[in-house]
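Chain A is the first sequence line, chain B the second, and so forth, proteins listed ahead of strands; every chain is numbered from 1.
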Amino acid sequence: MSEIPKAYEPHSVEEKWLRIWHEGGLFTADPKSPKPTYSIVIPPPNVTGALTMGHVLNNTIQDILARKARMEGREVLWLPGTDHAGIATQTVVERALKKSGDIRHRDDLGREKFLERVREWKEKHGGIIVQQLKKLGCSCDWSRERFTMDAAYSQCVQQAFVELYKKGLIYRGKRMVNWCPVSLTALSDEEVVMKEQKGTMFYFKVSVAEQPGVFLTIATTRPETIPGDTAIAVNPADPRHARFIGRHAIRPLPSELAREKKLIPIIGDEHVDFKFGTGVLKVTPAHDKADFEIGRRHALPLIEVIDPAGRMNPAAGADLKGLDRFKARQIAADKLRELGALEKEEPYTNNVGFSERADAPIEPRLSEQWFLKYPGVVKARDSIQHDEVSAPDAASAEKIRFHPQRWARVYDHWMANLEDWCISRQLWWGHRIPVWSPGPDTLSIAGSKGLDLEKFLGGLEERGCVYSRLPARDSGQSEGMAGEIRRFIAIPPGQEEIVQQLERLGFAQDPDVLDTWFSSWLWPFATMGWTGNPDADSGNETLQKFYPTTDLVTGPDIIFFWVARMIMAGYEFMGQLPFHNVYFTGIIRDKQGRKMSKSLGNSPDPLDLIAKYSADALRFGAMRSAPLGQDVLFDEQNVELGRNFCNKVWNACRFRQMQQGEVQGEIEPALLMADDKWVLLKLDRAIREINTAFCEYKFSDVTATLYRFFWSEFCDWYLETRKATLAQTGAGKSNILAVTDFVLSHVLRLLHPFLPFITEELWRGMGYAGDMPADQGGKTIMFAPWPKSLGDDFKSHYGLDESQERLIELRNAFIVQGRNLRRTANIPANKKVKFIFQPAQPIVPEDVEILKLLLGAGAIEIAPNFQPGKHILSIRHEFGALYLPVEGLVDIAAERGRLEKAREKIQAEIAKVSQKLADPHFTGKVPAAVLEEHETRLRQRRNELAATEAGVKALSD
RNA sequence: GGGCGCUUGGCGCAGCGGUUAGCGCGACUCGUUUACACCGAGUAGGUCGCAGGUUCGAAUCCUGCAGCGCCCA
């Protein structure tokens with residue numbers, strides 16, 4: 001590196017290394033490698049998504065972990081891929097097609113044509129995010145990139161479904177589900193987000209049929225569902241209302257209906273909260289989850305009044321029929337008012353469930369769906385390590401650690417309250433449920449072929465299919481179907497001819513697709529080519545070598561959606577936990593603490609930031625602001641800082657280059673100076689801090705330590721003091737360069753996981769790659785050995801011990817005070833002045849040079865017996881005394897005032913400490929070390945006091 | 001309603017029983033000196049949310065309260 005530019009120019013450098021890394025296949029994992037394993041699977045981003053700051057944070061952390069593991073000599077697999085994101089993608093495509101006027105509804109195209117359009121969309125927008133991740137420097141094994149709808153992956157999904165079906169864990173049932181009237185699909189509980197809504201509480205009265213003139217008042221936010229009410233419920237323990245239990249009420253709506261058709265029972269149910277509203281509850285079993293349960297307990301009939309699209313159906317009565325549910329709410333209230341049944345309305349705020357994707361209020365609705373009873377629950381529940389980090393043993397190796405630990409409790413709580421997972425979605429984009437059932441003509445077709453259907457279907461079980469017969473009523477068919485049998489046959493992957501046979505018999509595949517997360521929860525092993533076939537899987541080198549994975553990095557917002565389910569799937573399908581550690585990142589927020597979102601427009605485009613500051617800078621900026629387990633307040637300034645840091649690294653290396661000379665390998669112990677030893681000890685401390693912080697997943701601590709060591713300790717102190725001695729030639733100089741090279745080569749390696757590009761560039765440019773074996777840093781810093789703290793042998797060989805460290809610290813503190821003296825005297829930074837120095841201990845000539853340079857002194861006069869006269873500023877310090885004659889340069893009175901203020905502070909401290917030391921309670925109970933420390937402190941303060949008083953005196957007339 | 005977390009200089013955070021409470025950014029002053037103005041040097045700025053308690057000693061532990069945020073009902 002002969003001619004290097006003054007400022008770091010990242011863009012060509014980043015492009016160059018991306019090309020070299022990818023062309024060299026350096027991220028490719030080798031399952032045959034004898035090295036110990038490190039593996040991590042990417043949380044798959046939506047295939048058509050674009051990179052967000054959340055992705056930047058998340059993937060930078062994964063890249064740091066992966067790169068560090070490589071340097072530690074492990075065989076690393078970071079497995080990337082994307083998710084088909086069922087609802088999200090389908091919604092986006094549908095919206096785009098509507099906007100362009102191509103369709104009014106997806107039915108206009110039909111399933112196949114619509115899916116074609118989604119695939120087109122995926123081809124066009126898919127892979128963008130992958131390119132962006134590459135640009136960020138992510139060292140994923142791109143040769144193994146997966147997509148949840150790839151053929152192989154889809155087979156995994158199908159296999160998993162059939163296995164669970166076979167075990168009886170998947171069933172079809174008519175249940176209350178969260179229905180999205182916009183997407184027209186069922187949703188899982190996790191896909192519903194509660195939002196606070198301002199609405200109205202309506203109070204209306206119903207008359208008690210058996211007691212004319214007696215009324216009960218009901219409070220509700222949903223008067224439009226009154227036509228669906230099939231009971232009035234009160235708490236049997238409620239003295240106001242208990243006596244009405246067993247009587248009947250007359251439901252006011254639909255108004256045109258005859259009185260006897262609107263008689264509904266008044267029932268007692270302990271679940272009625274009599275503090276809420278009036279204590280009288282209207283029960284709408286068809287449109288409310290809690291009411292459905294009440295209805296079930298009391299065998300109430302169900303009346304559906306809202307259709308799948310959220311409009312009122314004919315059962316809602318003539319006034320409401322055909323209206324949207326929100327419009328109907330107003331009309332129903334008007335109607336009640338007209339009838340004289342509406343007593344009052346009050347503004348009311350409550351929580352309403354919204355569909356996460358379509359952002360529409362969900363409608364609880366009775367619907368026939370596929371449900372899963374979670375497998376592997378017991379193991380998954382016990383799999384989390386709850387103790388604080390201790391030494392790993394055999395038992396804890398079988399457990400999963402959460403970082404930060406507190407998420408374990410959130411996980412526990414969810415696992416303790418598991419409800420069956422509604423896995424079917426009325427969508428087209430996704431894995432179609434691999435279950436076929438007979439059509440209306442199946443029996444006659446079979447008959448005409450002389451085929452015994454039962455025997456034929458039963459026979460398919462030998463080929464891995466799962467055949468089940470269910471009484472229609474159990475699966476929620478209407479009463480008239482009772483006694484009929486429904487047949488389902490689940491077909492494992494790779495049985496095309498069975499499917500064809502069945503379809504010739506009039507069988508049809510279930511039209512629904514699986515919840516996206518039903519494919520995501522298989523991610524850790526499905527991406528590695530799991531088949532469910534024991535022979536194939538035990539011969540699968542990748543699966544054998546890299547499963548279970550080491551770490552998972554994800555956001556806490558998907559702890560239920562994804563993390564918990566992967567743990568269950570891991571135990572169920574692999575018999576093992578899927579990962580050993582889960583690191584939960586914070587949620588990225590803007591400076592005002594708002595969650596970053598597209599709609600708020602407060603999310604910067606990471607690609608713009610890369611263009612403006614470089615990928616390294618973006619990574620560094622993201623990491624600097626991400627403390628463990630806390631939300632991240634993103635500020636572009638941190639990225640700017642990252643750029644500045646890169647520039648600093650660049651220039652420190654440039655400085656080294658300008659000293660000429662080849663890379664200096666050997667440090668000669670005899671030639672080491674105190675500052676050299678000091679910086680080596682600081683490096684050692686930094687390495688230890690960094691490795692500790694990594695163990696605890698405290699990435700921002702790692703960044704802070706790197707920043708401090710490199711910038712303050714190495715650049716500001718070490719390199720600056722070296723400038724005073726580098727003028728010399730020969731062995732002394734080359735030894736300094738050897739130390740500098742030693743430190744820089746360590747710093748570059750420590751920084752590499754954070755700043756992969758610039759460190760790679762400098763690693764080769766500086767020539768540090770030259771004396772390394774080809775596979776250990778000789779070709780790329782990616783495989784250079786990760787720094788270990790300096791061993792005791794090293795330290796004793798080079799004579800590094802704490803006492804030298806302390807001496808340099810003392811001198812440096814003295815220099816800071818000396819500089820302060822200059823500023824006090826208002827001496828411009830560039831003006832050379834003469835200091836008088838009275839050393840407190842023997843001083844080497846080198847130190848005088850350092851003092852001179854770092855104090856910006858024209859000269860330093862060593863005067864062991866100096867007697868200060870008037871108008872001389874001074875500091876007295878353990879390192880020595882420094883005098884600066886200032887007559888005429890400074891406001892003597894102001895300076896004296898400053899010293900007097902300092903004196904007061906010291907006196908107060910002395911008073912405090914001596915009071916403590918005089919207290920027998922204190923001296924009697926306190927540990928010896930603390931006592932000693934107090935005594936030392938008192939001594940020091942007294943010395944300081946004397947010095948300060950002398951200073952005051954020197955300025956007094 | 002239940003749970004979790006947070007509250008420390010203008011801003012963002014560290015410290016979680018024992019020095020004069022640290023760090024970074026920002027502010028202010030000075031400065032082109034063997035790399036770097038994407039830089040260097042220095043300075044100012046905090047009764048650690050409030051109220052009690054435990055202790056020789058509390059930002060740190062306990063209790064209560066308040067405010068903010070998130071999650072689950």
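Following rounding to the nearest Å, A/D919 (CG) and B/rG57 (C1') show an atom-to-atom distance of 10 Å. Look at CZ on A/F699: it is 16 Å from P on B/rA14, rounded to the nearest Å. Rounded to an integer number of Å, the gap from A/E933 CD to B/rG57 C1' is 12 Å. Regarding A/E932, its CD atom lies at a distance of 14 Å from the C1' atom of B/rU19, rounded to whole Å. In this structure, CD1 of A/I815 is placed 10 Å from P of B/rG42, rounded to the nearest angstrom. Across the protein-nucleic acid pair, A/W407 atom CH2 and B/rC4 atom C1' stand 8 Å apart, rounded to whole Å. Per the geometry, CD belonging to A/Q915 stands 21 Å off P belonging to B/rG18, to the nearest Å. Remark: C1' of B/rA35 and CG of A/L737 are 14 Å apart, rounded to the nearest angstrom.
Considering only side-chain atoms of A/N820, the nucleotide from B/rU43, B/rA41, B/rA35 that sits closest is B/rU43. Of the candidates B/rG18, B/rA35, B/rC72, B/rG18 carries the atom nearest the A/V930 side chain, counting heavy atoms from C-beta on. Listed candidates were B/rC36, B/rU29, B/rC71. Nearest to the side chain of A/R823 is B/rU29. Out of B/rU19, B/rA35, B/rC72, the shortest distance to the side chain of A/K723 is found at B/rA35. With distances taken from any side-chain atom of A/A7 to the nucleotides B/rG3, B/rC38, B/rC72, the minimum falls on B/rC38.
With a 6.0 Å cutoff to the six-membered ring centre and a 45° limit on the axis angle, A/K648 does not count as a cation-pi contact of A/Y707.
The same atom, C1', is picked in B/rG46 and in B/rC13; the two are 14 Å apart, to the nearest Å. Between the C1' atoms of B/rA59 and B/rA21, the separation comes to 8 Å (whole Å). The P atoms of B/rU55 and B/rA41 are separated by 48 Å, rounded to the nearest whole Å. Comparing the P positions of B/rA66 and B/rU29 gives a spacing of 45 Å, expressed to the nearest Å. Comparing the P positions of B/rG42 and B/rC50 gives an interatomic distance of 33 Å, to the nearest angstrom. If you take atom P in B/rG2 and the same atom in B/rU8, they sit 26 Å apart, rounded to whole Å. Comparing the C1' positions of B/rG57 and B/rC70 gives an interatomic distance of 36 Å, to the nearest angstrom. B/rC28 and B/rC72 have their P atoms separated by 45 Å, given to the nearest Å.
B/rU54 is unpaired under the criterion used here, namely a Watson-Crick or G-U wobble arrangement in which both key atom distances are under 3.5 Å. In a base pair of the Watson-Crick type (N1 to N3 plus N6-O4 or O6-N4) or a G-U wobble (N1-O2 and O6-N3), with each distance short of 3.5 Å, B/rG1 is matched with B/rC72. Nucleotide B/rA37 has no partner under the Watson-Crick or G-U criteria, as no pair reaches both atom distances under 3.5 Å. In this structure B/rA66 sits in a base pair with B/rU7, meeting the Watson-Crick or G-U test at under 3.5 Å. For B/rU60, there is no paired nucleotide, since no Watson-Crick or G-U wobble pair has both relevant distances below 3.5 Å. The partner of B/rA14, taking Watson-Crick or G-U wobble pairs whose two distances both stay under 3.5 Å, does not exist in any strand shown.
At the heavy-atom level, A/L641 lies under 4.0 Å from the strands shown only through sugar-phosphate atoms. Backbone-only engagement by A/R819 is indicated by non-hydrogen atom pairs under 4.0 Å involving sugar-phosphate atoms exclusively. Across all strands shown, A/E720 has heavy atoms under 4.0 Å from base atoms, whether or not it also approaches the sugar-phosphate. Within the nucleic acid shown, A/R409 comes within 4.0 Å of sugar-phosphate atoms alone, with no base atom in reach, counting heavy atoms only. Within 4.0 Å (heavy atoms only), A/P920 reaches no atom of the nucleic acid at all. Using a 4.0 Å heavy-atom criterion, one finds that A/N351 contacts the bases of the nucleic acid, with or without backbone contacts as well.
Side-chain to base pairing of A/K648 with B/rC36: one donor and one acceptor N or O lie within less than 3.5 Å of each other. With hydrogens and angles ignored, no donor-acceptor pair under 3.5 angstrom links the side chain of A/K698 to the base of B/rA14.
The line from CG of A/L618 to CG of A/L57 is 10.0 Å long, rounded to the nearest 0.5 Å.
Comment: A/R722 engages A/E846 in a salt bridge, judged by a side-chain N to carboxylate O separation of less than 4.0 angstrom. Between A/E809 and A/R806 no salt bridge is recorded (no basic side-chain N to carboxylate O distance below 4.0 Å). A/R937 has a carboxylate O that lies under 4.0 Å from a charged side-chain N of A/E933, or vice versa, which qualifies the two as a salt bridge. Between A/R175 and A/E419, none of the side-chain N atoms (NZ, or NE/NH1/NH2) sits under 4.0 Å from a carboxylate O, so this pair counts as no salt bridge. Salt bridge annotation for A/E713-A/R685: absent, with no cationic side-chain nitrogen under 4.0 angstrom from a carboxylate oxygen.
Residue A/R937 places none of its side-chain N or O atoms closer than 4.0 Å to OP1 or OP2 of B/rU19. Contact between the side-chain N/O atoms of A/R406 and the OP1/OP2 oxygens of B/rG5 is not found at any separation under 4.0 Å. OP1 or OP2 of B/rC39 sits under 4.0 Å from a side-chain N or O of A/N644.
Looking at which nucleotide of RNA chain B each of A/L719 and A/R643 is closest to, the 5′-most match is held by A/L719. Residue order along RNA chain B, read from the 5' end via each residue's closest nucleotide, puts A/E640 first among A/V816 and A/E640.
A 6.0 Å sphere centred on CZ of A/R409 holds no more than 12 heavy atoms belonging to other residues, nucleotides or ligands.
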